[in-house]
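All of these numbers come straight from a predicted model, not from anything done at the bench. Residue numbers count from 1 along this sequence.
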Amino acid sequence: MLDKMAISCARRRGTVVLVVVLVSLLMSYGAGRVRQTYDYKKFLSSEQASVRVTLKVAEEFQGMSSETALVEGENLLRAGSLRELLRLENLLLSSPELQGRVVGCQSYADVLLQQLPQVRGLLMDPSRDPLTENLVMEAYLTILSDPQLSQQLRGYLTTDLRAGLMRIYLSSSLPHEELRKTVEEVREKLRTAENLKLGLTGSYSMERDIGRIMQRDNSVLIPATIFFVILILFLTFRRFSDAGRCLLVVGLAALWTMGVMGLTGSDFTSIHVALIPISMVAGVDYSLYFLSRYYEERGRGEGFAEALGTSARRVGTAVLMCFLTTMIGFLSFSISDLPPVRTLGQFAALAVFFAFFLTLTLLPALAGNGRVKKGRGGREGGISRGLASLGRRIVRRRGPILAALAATVALSALVAPRVGSTMSFDLLLPSGVESLQTQHRIEDLFGGQSQLFVLVRGRILEPQALQQLRSFQEGVVSDPRASGLIGGSYSLADPVFQYALFSGHMPQTEEEVAEVLENLRESNHGFFLPLSDNQTLVIFNVLGRTDRDFRRATQLVREHVENFSSPLLSLRLDGEPAVGGGPAVISDLFSRIIPNMLKTTLLALSLCLLVLILLFRSPVLGTLTLLPVCMVVMWELGTFYLLGWSLDVFTLGSFSLMIGMGIDYSVQLSSRMREELGRVGSPEEAAARTAGSIGRAVLASAVTMGGGFLILSLSRMPAMTRFGELVALVIFYAFAAAVLLLPSVLALKSRKR
């Protein structure tokens, strides 16, 4: 059937080209509608309780979107420093262009002066600075006498008084792009500071930097991939026309994929930067194999139609197996917990389908039907002769080769259980980025700045409830396991108890508490209070920086939530602890890395084995063809151990990717060697003829695919660089495993028969 399709398309080339042009015009329109997004919410799955809590809080609490400014100066408690900082806060809150966008500011000055409105008034008169500074120092010492309030202040101000923090709370109801624009305007306002050094960081600042990196990466990676593919194709076929035909096939496949992405309204995130390079290097194999066999048959003297038919019939089945197994590898991403990873796998699988379809339709229509010199695609070339000799030697020395391969697999299996899962968030952005440098500086001074929060519902203004909240906070922070992990907490109870500390009177009714909070709002314009109807938050500052720290902090807070009981308050959502925030989401996500890897790898292996058995019509040959890929899985884990790498969301995908793409070499070699064994009988000669005929195409495919992924190392995003280098390495493993193992085991199988 495949041969009839190829010949039919070649005879109706005008119709085929017209249809392809029309479809490409539609897809070009769709590609123009692709929308880039940097919204972290696109990466979350609502199946997790932590995600549901995080999204609910972002929706119902104004100000849960925030940026952090690092404030540095000689002495931040001097009147001039306080005056300048409060001026900046007022500028952010009162500027017309930021009205309704910046909903609050909270700095070390606000924490210090919450109950001292007279000091704010004195700051208006520079002649009274000595008195102001005395009052500020008294307030500072008073707060230090209260353990809870002292720890809160330490989260905003260093002990040497040279560095402090200011959090800028943004309206969560704004569209994502508006929030990014708001951050740009905030950055401009902060640059007006005098005698203070300010740096801004946060999710939106980092998204801005990621966006710029994505644009730069797209402008470098795509042209570099195209140039590399053209170079390898030209070196393989020695004709620019053939290189152009193959490039056109994979280029159209990439265009059509982006077109479908745009027409379906799918989001293009930072992960999808790799989509076009992946689709190009994954799809070029089919054209390579098809044209190589076509020229081999023409070189033997077959006519145009006969050569196309033979190529489609002989290579088509093998290419069909490559196509199906590659699709399986990509589609196994569909069980990932990350929506962008799922869509990356789905669209990469679609790109592979388009490349396969165009190889069997457009490529025959474009194939040249002129005369081809005898031997043009045969084994006479120096590379082909060398590969033929290599194939013969591998079969002759199959015993030592199989023993060496078994030893490497056994060693890898021994160390594989020692490979852990963790995540360094420095992989997400390159060094030298302003927002990341500020973030690192803050972490060095104050520890990690991620925030866990607990959603609290009930009679939150009841004095007894506030006492329970404060006890809950103290219980978490004073837990021995929280030492060096959780650096303080904040809730509605803190300003109320600070009022009691300075006034000597604790509010006794809900009305008195509401009055204290209202006075606080009026005297501290823009002061952030986590309050929404009958809901509030308890916020914990997590000092850790890795997913392991986040997991420990999340488990600690959840344990205290589980043990909390009150008729006035509920700390649960849908029956589960209402713990959210970045650390909780990341903790839940990374706790599933190993199970996800096992599921995707086993699923991909099982489905690939089924496809191979069905298409080869031989359980033995199908299993043997899968063996090199199983070896590579173990080799990859052994490499992780040797390099000291851990599994994370970026390296996780390399396993399924390698299974789907790396199996191509095994399929091509098994298919051709079975064909040659049927002709010559001798395993040595069959291996030589296989390597000499298809070896060049398989080598070109491995170089193209491995080099194409290696191009990703040009990315400025360390995670993308590591991903590209890792996939290039495992593609080399897959090629080496197929070349060394399959001729040896197929020769043994043939001898036994």
Side-chain angles (χ1 to χ4, degrees), residues 36-40 43 65-74 76 81 84-85 87-89 91-92 95 97-98 101-102 105-108 155-158 162-170 174 176-220 269-271 273 423-451 541 543 545-546 582 714-722:
Q36 291 190 357
T37 182
Y38 318 101
D39 189 352
Y40 76 96
F43 288 78
S65 299
S66 66
E67 293 283 299
T68 302
L70 174 63
V71 185
E72 295 182 276
E74 287 298 321
L76 296 185
S81 298
E84 181 63 11
L85 186 59
R87 182 192 72 82
L88 289 173
E89 289 187 15
L91 180 64
L92 295 176
S95 294
E97 59 269 29
L98 294 177
R101 297 184 175 188
V102 175
C105 291
Q106 187 165 309
S107 67
Y108 71 90
Y156 281 88
L157 184 65
T158 57
R162 297 172 65 89
L165 298 181
M166 176 171 67
R167 289 196 173 91
I168 299 132
Y169 298 95
L170 310 175
L174 289 174
H176 195 75
E177 288 303 314
E178 288 297 316
L179 285 171
R180 292 186 65 213
K181 292 178 182 178
T182 299
V183 170
E184 286 298 312
E185 293 171 1
V186 167
R187 188 187 299 272
E188 292 300 318
K189 301 295 184 188
L190 295 182
R191 285 175 179 162
T192 66
E194 298 179 1
N195 303 319
L196 289 177
K197 179 183 176 183
L198 284 96
L200 189 66
T201 188
S203 59
Y204 297 101
S205 297
M206 291 185 181
E207 284 175 11
R208 162 184 174 267
D209 294 329
I210 290 175
R212 292 181 176 180
I213 292 171
M214 285 176 60
Q215 292 175 358
R216 179 265 181 192
D217 281 358
N218 281 328
S219 66
V220 171
T269 70
S270 56
I271 289 180
V273 170
M423 177 69 179
S424 172
F425 296 97
D426 290 345
L427 290 175
L428 297 175
L429 283 174
S431 59
V433 173
E434 179 185 352
S435 57
L436 193 62
Q437 287 180 326
T438 302
Q439 182 71 22
H440 284 167
R441 177 75 174 143
I442 291 175
E443 289 174 349
D444 290 339
L445 293 169
F446 297 94
Q449 291 297 297
S450 300
Q451 291 188 330
N541 295 322
L543 302 179
R545 306 185 189 185
T546 69
L714 298 175
S715 171
R716 287 191 63 206
M717 295 182 68
M720 193 66 67
T721 298
R722 178 182 286 192

Asker: Determine whether Thr158 and Phe446 make a side-chain contact, defined as any pair of heavy atoms from C-beta on separated by less than 4.5 Å.
Answerer: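 In contact.
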Asker: Out of the candidates Leu436, Leu70, Thr438, only one should pair with Thr201 under the side chain to side chain contact (heavy atoms under 4.5 Å, CB included) rule; please name it.
Answerer: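 When Leu436, Leu70, Thr438 are each tested with Thr201, the side chain to side chain contact (heavy atoms under 4.5 Å, CB included) holds only for Thr438.
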Asker: Please determine if Arg167 and Glu67 form a salt bridge, counting it only when a charged side-chain N lies under 4.0 Å from a carboxylate O.
Answerer: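 Answer for the salt bridge query: no.
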Asker: Would you compute the distance between atom OG of Ser205 and atom CD of Glu434 and round it to the nearest 0.5 angstrom?
Answerer: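 Nearest 0.5 Å value for the OG-CD distance: 8.0 Å.
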Asker: Report the residues that fulfil salt bridge (charged side-chain N to carboxylate O under 4.0 Å, His left out) with Arg101, sequence neighbours left out, ordered by chain and then residue number.
Answerer: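 Partners of Arg101 under the salt bridge (charged side-chain N to carboxylate O under 4.0 Å, His left out) test: Glu178, Glu185.
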Asker: As an exercise, state the distance from CZ of Arg162 to CG of Leu157, rounded to the nearest 0.5 Å.
Answerer: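 Taking CZ in Arg162 and CG in Leu157, the distance rounds to 12.0 Å.
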Asker: Just verifying a value: how many Å separate Leu98 CG and Leu92 CG, rounded to the nearest 0.5 Å?
Answerer: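 Taking CG in Leu98 and CG in Leu92, the distance rounds to 6.5 Å.
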Asker: Would you call Glu184-Lys181 a salt bridge at under 4.0 Å N-O?
Answerer: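 So Glu184 does not pair with Lys181 through a salt bridge.
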Asker: Under the side-chain contact (heavy atoms from CB on, under 4.5 Å) criterion, do Met166 and Gln106 qualify, and how do the steps go?
Answerer: CA-CA 6 Å; Met166 176 171 67; Gln106 187 165 309; over 6 Å; no
Asker: Could you check Arg441 against Gln437 for side-chain contact (heavy atoms from CB on, under 4.5 Å), going step by step and ending with a plain yes or no?
Answerer: CA-CA 6 Å; Arg441 177 75 174 143; Gln437 287 180 326; over 6 Å; no
Asker: Quick check against the 3.5 Å criterion: does Thr68 have a side-chain atom that pairs as donor or acceptor with the backbone of Gly202?
Answerer: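 Side chain of Thr68 to backbone of Gly202: no pair is present.
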Asker: Hey, is Arg87 close enough to Glu194 for a salt bridge, meaning N to O under 4.0 Å?
Answerer: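 Between Glu194 and Arg87 there is no salt bridge, as every charged N stays at least 4.0 Å from the carboxylate O atoms.
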Asker: With side-chain contact (heavy atoms from CB on, under 4.5 Å) as the criterion, how do Val186 and Leu190 come out once you've worked through the C-alpha distance, each side chain's angles and the decisive distance to 0.1 Å?
Answerer: CA-CA 6 Å; Val186 167; Leu190 295 182; 4.1 Å; yes
Asker: Find out whether Val183 and Ile168 are in side-chain contact, i.e. whether some heavy atom of one side chain is under 4.5 Å from a heavy atom of the other.
Answerer: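 In short, these two side chains do not touch, never coming nearer than 4.5 Å.
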Asker: Run the side-chain contact (heavy atoms from CB on, under 4.5 Å) check on Leu196 and Ser81 step by step: do they pass?
Answerer: CA-CA 7 Å; Leu196 289 177; Ser81 298; 4.1 Å; yes
Asker: Could you tell me the separation between the OH atom of Tyr204 and the CG atom of Leu170, rounded to the nearest 0.5 Å?
Answerer: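 Result: 7.0 Å between the selected atoms.
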